[in-house]
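Each remark here refers to the structure printed beneath this line.
To find a chain, count down the sequence lines: A is the first, B the second, and so on, and within it residues start at 1.
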Amino acid sequence: MIRQRTPVKRSLNPARRFNDPALEEIWHVISTIPRGKATTYGSVARAAGLPGRARQVGFALRTAPDGLNLPWHRVVGAGGRIVFPASSRSHREQARRLRAEGVRVVKGRVTPSAMTDLEAL
DNA sequence: GCCCTGACCGCCA
DNA sequence: ATGGCGGCCAGGG
């Protein structure tokens, strides 16, 4: 079959990603989120010394090298909300992974008791 | 440099 | 509960 030109955006040069201290820090913080818990993008940003830059956390997650095996599913939106569209593959996958570690997910939201503030660790 | 687009957030109608 | 909006900041065209 004919391979069409991919419409997918080219991501950042991997080599450069590894050299960005902010991204490294964000990835590190995410790696410390305990099993069975979930936290927010904003919390990760603060813990990484980047208050107010929740969006950058999203970017960091999106561009993270697979080899890091980050617990990406433990990062959710404010109020425990899974940010992916409810019908999406990613949404189901995230909910599945969370439940697999005992986190209750109701209507796309992580139960408050499972939420944790990284700064309190 | 300008403009649009986000795995965001919080406020407010 | 829900949608809109401004604020936020980094990438990419």
Side-chain angles (χ1 to χ4, degrees):
Chain A
M1 88 147 53
I2 301 179
R3 178 176 300 282
Q4 307 192 4
R5 187 189 296 278
T6 168
V8 178
K9 271 187 225 163
R10 208 141 132 265
S11 49
L12 255 55
N13 176 335
R16 214 187 134 217
R17 293 204 305 255
F18 276 112
N19 294 328
D20 186 326
L23 291 188
E24 296 260 346
E25 185 56 23
I26 290 172
W27 291 333
H28 171 258
V29 169
I30 292 172
S31 74
T32 69
I33 305 172
R35 231 188 117 74
K37 286 288 182 185
T39 192
T40 67
Y41 290 85
S43 176
V44 170
R46 287 192 297 280
L50 302 168
R53 302 197 209 174
R55 303 193 83 134
Q56 195 171 341
V57 173
F59 175 81
L61 232 27
R62 208 182 72 209
T63 62
D66 296 332
L68 294 183
N69 282 328
L70 293 177
W72 61 271
H73 56 285
R74 309 214 265 248
V75 183
V76 296
R81 202 181 105 262
I82 288 181
V83 304
F84 298 108
S87 61
S88 71
R89 205 42 198 294
S90 298
H91 183 107
R92 283 190 295 276
E93 175 66 5
Q94 183 163 23
R96 188 187 68 70
R97 293 193 180 214
L98 285 168
R99 293 190 178 114
E101 19 185 274
V103 174
R104 190 134 45 138
V105 181
V106 183
K107 299 180 73 157
R109 279 176 173 273
V110 166
T111 294
S113 63
M115 293 300 293
T116 180
D117 180 356
L118 295 176
E119 318 217 70
L121 266 49

Whole-Å distance, Leu61(A) CG to dA10(C) C1', equals 15 Å

note: Phe59(A), atom CZ; dG6(B), atom C1'; distance rounded to Å ~ 10 Å

Rounded to whole Å, CG of Leu50(A) lies from P of dC8(B) at a distance of 16 Å

From the candidates dC8(B), dC9(B), dC9(C), the one with an atom nearest any side-chain atom of Gln56(A) is dC9(C)

Whole-Å distance, Arg89(A) CZ to dA7(B) P, equals 18 Å

Handout entry: dA10(C) OP1/OP2 closer than 4.0 Å to side-chain N/O of Arg53(A)
Key = yes

Met115(A) versus Val76(A): any side-chain heavy-atom pair under 4.5 Å?
yes

Heavy-atom nearest nucleotide on DNA chain B taken for Arg46(A) and for His73(A); more 5' hit belongs to His73(A)

Side-chain donor/acceptor of Gln94(A) to backbone N/O of Gly108(A), under 3.5 Å
no

Between CZ of Arg62(A) and C1' of dC8(B) the distance, given in whole Å, is 13 Å

Met115(A) atom CE is separated from dC9(B) atom C1', nearest whole Å, by 13 Å

Here the distance between atom P of dC9(B) and atom CZ of Arg109(A), to the nearest Å, is 11 Å

Rounded to whole Å, CZ of Arg81(A) lies from P of dA7(B) at a distance of 12 Å

Salt bridge Arg97(A)-Glu101(A), side-chain N to carboxylate O under 4.0 Å:
no

Paired to dC8(C) by Watson-Crick or G-U wobble criteria (both distances under 3.5 Å) is none

Tell me whether the count of non-hydrogen atoms from other residues, nucleotides or ligands lying under 6.0 Å of CZ in Arg104(A) goes above 12. no

Check for a donor-acceptor pair, side chain of His73(A) on one end and backbone N or O of Leu98(A) on the other, with a separation under 3.5 Å.
-> no

Of dA7(B), dG11(C), dG6(B), the nucleotide closest to the side chain of Arg55(A) is dG6(B)

For a quick check of understanding: with a heavy-atom distance under 4.0 Å over all strands, which category does Gly42(A) fall into, base, sugar-phosphate or nothing? sugar-phosphate

